[in-house]
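Read through the structure below, which is laid out as structure tokens, and then see the notes.
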Amino acid sequence: MPAITDVNRSTTSDSATLLYVGADPGGTETAAARVESELAGLRAEPSVGVDAAVTRVEGGGVDCVVSEPDLPDGTATELLDRLREVSAVPFVLFAERPGASTLRVLYDYPATDYVARDGDGQFVALAASVRGFRAVSSGERAASEAGDGADPVSPTARAVLGRVTDAFFALDGDWRFTYVNDRAETVLGRSAGELIDRSIWEAFPDAVGTTFEEKYREAAAEQRTVSFTEYFPPLSAWFEVHAYPSPTGLSVYFRDVTERERLKAELREERALKRRIVETSPVGITVLDSGGRFQFANEYAEELLGRSRDTIRELRYNAEEWDIVGPDGEPLPDDRLPFRRAVDAEEQFVDQVIGVARPDGDRVWLSVNGTQLYDPEDELDRVVLTLEDVTERRRREAGLRSLNGIARELMDAESAVEMAEVATDRAGEVLGLPETAVALYDGRGHLDPVTGGIAGVDDGGSVDGSGTAWSAFVESEQLRYRDGDDSPFTDGVAVPLGRHGVFVAGTRNGGAVDRSTTETASLLAATLRAALDRAERDRELREQEAELADRNAALERTNRINEVIRNVQRALVGATTRAEIETAVCSELAAASPYSLAWVGDSDPASNRVEPRERAGSDDGYLDAVPLPLDGPVAELPPSARALRRGELQVETNLMSDPPFESWRQAALTRGFSAIVGIPLRYDESTYGVLTVATDRPGVFDGTEREVLAELGDTVAHAINAVEAKNALVSDAAVELEFRINDPDLTLSRALEEEDGRFEFQGVVPNDDHGRLFFTVAGTPPERVGEFAREALEITNLSLVAERGDGALYEADLTGDSITRTVLDHGGVPRAMTASDGDIRLVVDLGTDADVREFAEAFRSRYETAELVRRRERDRSVRTGASFRAELDGRLTDRQAEVLRSAYLSGFFSTPRDRTGSEIADSLGVSQPTFNNHLRAAQRKLLTLLFDEE
């Protein structure tokens, strides 16, 4: 290879020589002349094509090369590759818009640059780039040494420097600016007028102590050119700087090379990433030269081939040590080896399976992919072969082929025992293990050996309570036998067959069961299990066909039940009281076949019995003759009592099934009842009694009917709750209850006791969740209220609405744990709630037909310290539409009434509005602010009358 030419070697004359390389002679000569005209003391030679340019550079005397991108016999990057083999001469790419990949190749070499070939100043920019490489350093130095007192920059040079794309400034011997071109003004963010005659260290104090100061002083002190690339933080940019000293000062060219540095950094990161990817790849990667000798192997390739990289590099692709065979185990001829395929076929190939010998005597099976790499002359340079270990895959494929044959035989077997025999007969062939057996579960807690003899292969334990085989079956998990005192195997495996039993295989001769054999055993067991499942499905299908008639009957019964439920729901819609709901439900159920009797009852604390409230149907004196106690063993109680005790549906599907009979059961049988169901009427935590249904047909209350009746119970309870809540709101009379609660676990009690504050309930706005609560707190700062609210389980999302005197109005979301929500869920309406000194006073309205005792007990069950301190019945004043209107008129002023009525009649409240507020105000002869004030005052009085009287 020729010696590398020194980029700084001297030439035979003072002028510098630039080689301009183009695509055609005429254009190349013109471009060379333009460059030469832009730089004094430079001689530009034209050259056409890659070969001619390389020959010229090898001849010596070239200080810089400028190349167009596309040449007759190649490209600029190809020219650069060849030049770097013989010279480090600076190289400039002169192109319009090169791609990112071209720039990466360009900047991968030192002493390179790119100049955009567009616009009027393209050759000026090119000249500046050439100057940056100091290809014309001697000419510029002469220009800068024009003599003491002379203008450092001549008019011609000043014009050129004003046009170049590089930034340029000149300093005198005292480091003061003497010239700054336009580009430098832009980059430095200062005008020439601001900088001329100022010291660079005064104008740019951030440069003091940096590489810039160090290099500038070095150039001035040693009177030699310095070039460097450095990052300047104040401008957040990288700059390539060339500083040329003279006895009278310093000339500095600099350009923004941030993009170039970024590309270089990306290139370094990309190369490092590729190295990491190759070394950590989950496949082996090897590279061979065109002669078939290994050049590279990654770590995984070393592991697969069992050889070090140095050993691999000493071998060729067809070395005897590889002992390469094909999938059939036969040696592969040379022309079918992966490397030869890549060379001869000249195309990529994938998944060629070969076997390669390792030094340890094992053979590894590899899936090989191959691709070719070409040099710039399109000649084969290298071959890349990737290697994937498919040894286990080949073993599995062989096992699967055998399993396919077994699966066909199992399809012909008719019984579970016959299937087990097929599996064990073929297991030895597939697994290569001497001991195999199958045991089937008998459904009574035992595994019965049907082939092979489980007792001989289990580890000393019983097949119905311990041992590896039993544990694998009951845990539904594949387990290993290990060599030990209680194991007959040195190694083995027990594989569950689902609910059918277990498959066992192992060896006694000291051998080991490898992972591939274990996986094949699992596949064999899965195949046997699938066959057993099929046999069981066939049996189940026959049973299902026998049950089809029963299912049709069940469907008819379901339709009947749904019709009953629809009738009940229609009756509930029109009910306005709890008594009407209970009467309607009993009547509809008793009228529906096959039910005979339906009744609703509730617990009586005085007698501790279930007392009927409503009934329908024929009971033949059953409810009057038989006591229905709530105490005693739950299992011996009638379904209605059990349902109240347990809070869930209770059913007796056949009263004749369990003698001797209790008194209630005897009485029911005497009157012809065969089945009874008790359905608790529960809504949230409230119980509204029990609904009991009896029939003369045993087995009527099956799973489907029980589910439907349970849902009916929930529906009835919800309806009762809704009616009681409604009655509490709208009835003419109400039962008013006042409770006192002092519970330190309630955040409200604890907070007010600690802070000596006072809480007052304002109202609840219903929503899709638990409602929105409005309340006031006096005597406690808002920040403390917020702290307690964050700890509270009763409310969330507290927000301050307004501060009023010594108190404040708050808004919060209720949760299911709040007192207010508890009242609402039990059919009550909270009217007032105040709290101070840890005591909570709660006033609740109930409808006159509500069960006060039931409500109070339910409330106390939630709040143990709750004390009912007052109960009274009160009449509500009934307000007619006329009285409401009269009271509203009495509250409104004449002007407010006029504004409100005018807005209504003018369509102000329509969507969209028929008239605007401004238009209505004009018609009334008032200003819009006056109109708005009167309208808001009237609306406030209307809403106060509507809501405050609730």
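As a basis for the values below, the full set of heavy atoms in this structure was taken, side chains included, without hydrogen atoms, waters or symmetry mates.
Glu194 and Arg190 are not joined by a salt bridge, as no carboxylate oxygen comes within less than 4.0 angstrom of a charged side-chain nitrogen. Arg871 has no carboxylate O lying under 4.0 Å from a charged side-chain N of Glu738, or vice versa, which leaves the two without a salt bridge. Glu582 and Arg578 are joined by a salt bridge, as a carboxylate oxygen and a charged side-chain nitrogen come within less than 4.0 angstrom of each other. Using a cut-off of 4.0 Å between Lys/Arg side-chain N and Asp/Glu carboxylate O, Arg613 and Asp602 are scored as salt-bridged.
Using the six-membered ring where Trp is involved, Tyr595 and Phe701 have ring planes that are parallel, under 30° apart on the 30 and 60° scheme.
Listed for the Ser910 side chain is no donor-acceptor partner under 3.5 Å among the backbone atoms of Arg913. Judged by distance alone, with hydrogens and angles left aside, the side-chain atoms of Arg642 form a donor-acceptor pair with the main-chain N or O of Leu637 at under 3.5 Å. When atom types are taken as modelled, the side chain of Lys941 and the backbone of Arg891 share a donor-acceptor pair closer than 3.5 angstrom. Using modelled atom types, one side-chain atom of Thr865 and one backbone atom of Asn742 make a donor-acceptor pair closer than 3.5 Å. Looking only at distances, a side-chain donor or acceptor of Thr815 sits under 3.5 Å from a matching main-chain atom of Glu794.
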(Q) Show, in sequence, the C-alpha distance, side-chain angles and deciding distance for Arg772 and Glu811, and conclude whether the salt bridge (Lys or Arg N to Asp or Glu O under 4.0 Å) test is met. (A) CA-CA 7 Å; Arg772 191 79 174 152; Glu811 178 184 13; 2.8 Å; yes
Q) Please walk me through it: do Arg682 and Glu648 pass salt bridge (Lys or Arg N to Asp or Glu O under 4.0 Å)? A) CA-CA 9 Å; Arg682 290 180 58 84; Glu648 58 186 26; over 6 Å; no
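Residues passing the side-chain hydrogen bond (donor to acceptor under 3.5 Å, both in side chains) test with Thr583, sequence neighbours excluded: Glu614.
Thr930 and Asn933 are not linked by any side-chain donor-acceptor pair at a separation below 3.5 angstrom, with hydrogens and angles left out of the test.
Around atom CZ of Arg901, no more than 12 heavy atoms belonging to other residues, nucleotides or ligands sit under 6.0 Å away.
Taking 4.5 Å as the limit, every side-chain heavy atom of Phe931 sits out of range of all side-chain heavy atoms of Ser918.
In this structure, Phe759 has its ring center under 6.0 Å from that of Phe775.
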